[in-house]
Amino acid sequence: MLYHSPISGDRLRIGKFCSIACGAKFLFNSANHILHSLSTYPFPLFYEAWEHGLSPREAWDNKGDIAIGSDVWIGYEAVILAGVTIGDGSVIGTRAVVTRDVPPYTIVGGTPVRPIRGRFPRERIDALLEMKWWDWPAGRISAAIPLIQSGNFEALKAMF
Ligand SMILES: CC(C)(COP(=O)(O)OP(=O)(O)OC[C@H]1O[C@@H](n2cnc3c(N)ncnc32)[C@H](O)[C@@H]1OP(=O)(O)O)[C@@H](O)C(=O)NCCC(=O)NCCS
């Protein structure tokens, strides 16, 4: 987590069963020097030195929270920017820079990220999003693990 200032109050929400590789970074709103002003210099932070009366909050563009769904795999040294939502079941490739929302069950990569492919056909994605196996009680998940692991979608669906 980088550039996370308590005065910005932005948050990172991470779902269940996510895998986050080493070097993955989340850049929060305090990283976003304002772009509509005539200077990117963060004058609002130096209120004592410059006596301008601006609030430190005015130093950054606020793009919102970062939200990661469940069963998301974030690759080595990926960078996720403020305001981004990553859907359930997605895969973020190594060294990806995620600037926009990622739809569920999509593999993305590159700078900025582009879809590489969907993980499953639309119908299966919709069914998995409805099932939300990650919210099942632990005992039911344990029983389902062999089906999840082997990709036995029909048998998993039958447990729903
Ligand atoms: C994204 C990823 C999951 C794709 O795996 P895959 O589907 O087996 O990938 P493929 O090798 O078949 O490549 C598919 C295409 O995506 C491209 N691609 C793969 N990884 C990419 C990445 N990180 N960034 C950009 N493009 C990528 C390939 O060049 C290929 O493009 P092409 O079809 O134009 O030739 C994988 O490449 C990756 O980045 N894994 C993360 C590994 C990691 O960081 N692990 C950390 C430990 S948990």
Side-chain angles (χ1 to χ4, degrees), residues 1-36 40 42 59-160:
M1 286 177 59
L2 296 176
Y3 307 105
H4 185 262
S5 159
I7 60 168
S8 286
D10 45 358
R11 298 174 54 122
L12 168 63
R13 294 193 303 278
I14 302 179
K16 302 172 184 175
F17 301 98
C18 289
S19 312
I20 302 177
C22 68
K25 292 186 175 61
F26 301 91
L27 267 56
F28 290 87
N29 285 300
S30 304
N32 301 328
H33 293 214
I34 46 172
L35 293 177
H36 69 266
T40 56
W60 310 298
D61 282 327
N62 191 331
K63 298 189 174 189
D65 294 343
I66 299 175
I68 313 296
S70 292
D71 194 17
V72 171
W73 172 29
I74 298 176
Y76 175 77
E77 290 193 343
V79 174
I80 290 100
L81 298 186
V84 160
T85 294
I86 297 179
D88 298 323
S90 294
V91 176
I92 311 301
T94 182
R95 296 216 156 151
V97 176
V98 188
T99 58
R100 297 279 182 257
D101 292 354
V102 177
Y105 285 96
T106 308
I107 302 174
V108 298
T111 306
V113 290
R114 297 282 178 243
I116 292 174
R117 64 167 178 278
R119 288 186 54 203
F120 305 117
R122 185 73 253 167
E123 201 177 299
R124 180 170 297 197
I125 291 173
D126 289 344
L128 286 164
L129 292 173
E130 196 190 346
M131 275 193 252
K132 291 189 187 298
W133 61 261
W134 44 84
D135 285 338
W136 294 358
R140 195 150 147 235
I141 294 175
S142 284
I145 288 171
L147 310 177
I148 293 169
Q149 194 63 29
S150 64
N152 192 341
F153 170 71
E154 293 304 331
L156 184 72
K157 202 172 159 194
M159 285 184 70
F160 178 50

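Whatever order the structure lists them in is the order used to number ligands and atoms, beginning at 1. Quantities reported herein were computed from a predicted structural model and do not represent experimental measurements.
Counting heavy atoms from C-beta outward, V102 and I92 have side chains that approach closer than 4.5 Å. Put simply, the side chain of M131 reaches to within 4.5 Å of the side chain of L156, judged on heavy atoms. Between Y105 and S90, every side-chain heavy-atom pair lies at or beyond the 4.5 Å cut-off. Counting only heavy atoms from C-beta outward, the side chains of L12 and F28 approach each other to under 4.5 Å. Proximity of D88 to K132: side-chain heavy atoms (C-beta onward) are separated by under 4.5 Å at one or more points. Contact of the I68 side chain with the F26 side chain is registered, since non-hydrogen atoms from C-beta on lie closer than 4.5 Å. With contacts defined as side-chain heavy-atom distances shorter than 4.5 Å, the pair L27/V79 qualifies.
Ring geometry for F17 against W133 counts as tilted: the plane angle lies between 30° and 60°, on a 0 to 90° scale.
Counting heavy atoms under 4.0 Å from ligand 1, residue E77 does not touch it at all. Using a 4.0 Å cut-off between heavy atoms, V91 contacts ligand 1 through its side chain alone, with no backbone atom that close.
For atom 35 (O) of ligand 1, the nearest protein heavy atom lies 4.0 Å away or farther. There is a protein heavy atom less than 4.0 angstrom from atom 23 (N) of ligand 1. Note that atom 18 (N) of ligand 1 has protein non-hydrogen atoms nearby, at separations under 4.0 angstrom. Within a 4.0 Å radius of atom 30 (C) of ligand 1, the protein contributes no non-hydrogen atoms. At a distance under 4.0 Å, no protein heavy atom can be found next to atom 10 (P) of ligand 1.
Shortest non-hydrogen contact noted between A82 and K63 is O-CB, 3.8 Å.
In terms of protein heavy-atom proximity, atom 15 (C) of ligand 1 is closest to I116 CG2, 3.8 Å. In this structure, atom 2 (C) of ligand 1 lies nearest to the protein heavy atom I107 CG2, 4.4 Å. Considering only non-hydrogen protein atoms, atom 6 (P) of ligand 1 sits nearest to R117 NH2, 4.0 Å. Atom 39 (O) of ligand 1 has its closest protein heavy atom at T94 N, 2.9 Å. The shortest contact between atom 1 (C) of ligand 1 and any protein heavy atom is with G93 CA, 3.6 Å. Atom 43 (C) of ligand 1 has Y76 N, 3.7 Å as its closest protein atom, hydrogens excluded (heavy atom only). For atom 48 (S) of ligand 1, the closest non-hydrogen atom on the protein side is W73 NE1, 3.3 Å.
Screening I141, D135, D71 for a side-chain contact (heavy atoms from CB on, under 4.5 Å) involving K16 leaves a single residue, D135.
Set against the non-hydrogen atoms of A21, the atoms of ligand 1 under 4.0 Å away are 46 (C), 47 (C), 48 (S). Below 4.0 Å from some heavy atom of G109 lie the following atoms of ligand 1, by number and element: 24 (N), 25 (C). Near G110, with a cut-off below 4.0 Å to any heavy atom, the atoms of ligand 1 are 24 (N), 25 (C).
Electrostatic pairing of R13 and D65 counts as a salt bridge here, judged by a charged N lying under 4.0 Å from a carboxylate O.
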